[in-house]
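I have placed the structure first, in the form of structure tokens, so that the comments after it can refer back to it.
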Amino acid sequence: MERYLSTYPVLAAMIRTVARHPDRAATERLGELAARLTALRQLGLQLAGALDQGEAPVRLAAGLKLAGTRFEKDVVETARYVLDVCEGDAEAHRLLVDGLAVVPGASIRGGSSEVLYTVISRAELPR
């Protein structure tokens, strides 16, 4: 459920970088990512609760996976920006490289994004 956390080390490194070298735009971008991470976590908790109740929340699971995939891509893009405008250390650069390697697989882990769009659209159709 929380596979979107595979880029969390990149996000954490960017937060440390901006804390050392403040930049307003970078701070705003990281704040937006932090808010989205909180929302993803809440969706994950809703999904876990539904599963515990014996439900099959297909639409919620597909939506969470799609939002998580977009989040991972945005973390990497934000990291590129942060490292461009702030002085990132070697560790931050290494984590960005790791993130760049992880993100392409995000769109197929747990189902390709295209298939999940179909799952969501079918769940919305009247029965």
Side-chain angles (χ1 to χ4, degrees):
M1 273 187 343
E2 293 182 333
R3 63 178 64 100
Y4 57 83
L5 291 176
S6 63
T7 56
Y8 183 80
V10 179
L11 179 60
M14 294 310 104
I15 292 169
R16 289 189 302 272
T17 297
V18 172
R20 285 191 308 270
H21 306 281
D23 176 81
R24 183 180 176 102
T27 300
E28 289 174 358
R29 289 179 184 207
L30 290 173
E32 188 245 333
L33 288 173
R36 287 172 57 197
L37 180 59
T38 300
L40 287 168
R41 180 72 173 134
Q42 289 302 310
L43 286 173
L45 291 171
Q46 287 177 14
L47 179 60
L51 292 170
D52 283 347
Q53 297 296 317
E55 299 172 23
V58 175
R59 188 181 70 204
L60 179 59
L64 176 58
K65 194 275 182 187
L66 286 167
T69 297
R70 182 74 248 166
F71 175 79
E72 286 191 303
K73 289 178 182 178
D74 291 347
V75 166
V76 170
E77 288 305 312
T78 299
R80 289 175 146 174
Y81 173 80
V82 167
L83 291 176
D84 190 42
V85 299
C86 301
E87 289 183 39
D89 59 18
E91 176 70 3
H93 285 277
R94 185 190 64 74
L95 288 168
L96 172 58
V97 169
D98 290 349
L100 287 167
V102 167
V103 167
S107 66
I108 57 173
R109 281 191 320 252
S112 74
S113 296
E114 291 76 16
V115 169
L116 292 173
Y117 285 124
T118 301
V119 167
I120 292 170
S121 66
R122 286 186 178 164
E124 292 297 319
L125 293 174
R127 294 182 190 237

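Computed from a prediction, not measured in an experiment: that's the story for all the values here.
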Under the side-chain hydrogen bond (donor to acceptor under 3.5 Å, both in side chains) test, residues paired with Q46 that sit two or more places apart: none
Contacts of Q42 that satisfy side-chain hydrogen bond (donor to acceptor under 3.5 Å, both in side chains) - sequence neighbours left out: none
Can you tell me how far apart [atom1] ([X]) and [atom2] ([Y]) are? Round to the nearest 0.5 Å.
X: T17; Y: D23; atom1: OG1; atom2: CG; result: 11.5 Å
X: L5; Y: E72; atom1: CG; atom2: CD; result: 8.0 Å
X: R70; Y: L40; atom1: CZ; atom2: CG; result: 12.5 Å
X: L30; Y: I15; atom1: CG; atom2: CD1; result: 6.0 Å
X: R41; Y: Y4; atom1: CZ; atom2: OH; result: 6.0 Å

Residues that R16 engages under side chain to side chain contact (heavy atoms under 4.5 Å, CB included), provided they are two or more places apart: A12, A13, R20, L95
ILVMFWY cluster, L33 and V102 together (side-chain gap under 4.5 Å): no
V75 reachable from V97 in the ILVMFWY side-chain graph, under 4.5 Å edges: no
Residues R94 and E91 bridged, charged N to O under 4.0 Å: yes
Nearest heavy atoms of L43 and L64, plus distance in Å: CB-CD1, 3.8 Å
Show which side-chain atoms of residues 52-63 pair as donor or acceptor with protein atoms under 3.5 Å away, not counting sequence neighbours.
residue	atom	partner	partner atom	Å
R59	NE	E124	OE2	3.2
R59	NH1	E124	OE2	2.5

List the atom pairs, with distances to 0.1 Å, where a side-chain N or O of residues 76-87 and a protein N or O form a donor-acceptor pair under 3.5 Å, not counting sequence neighbours.
residue	atom	partner	partner atom	Å
E77	OE2	R80	NH1	3.2
T78	OG1	D74	O	2.8

K65 and T69 side chains, donor-acceptor separation under 3.5 Å: yes
By salt bridge (Lys or Arg N to Asp or Glu O under 4.0 Å) - contacts of E28 (at least two apart): R24
Check against side-chain contact (heavy atoms from CB on, under 4.5 Å), L11 and F71: CA-CA 11 Å; L11 179 60; F71 175 79; 4.1 Å; yes
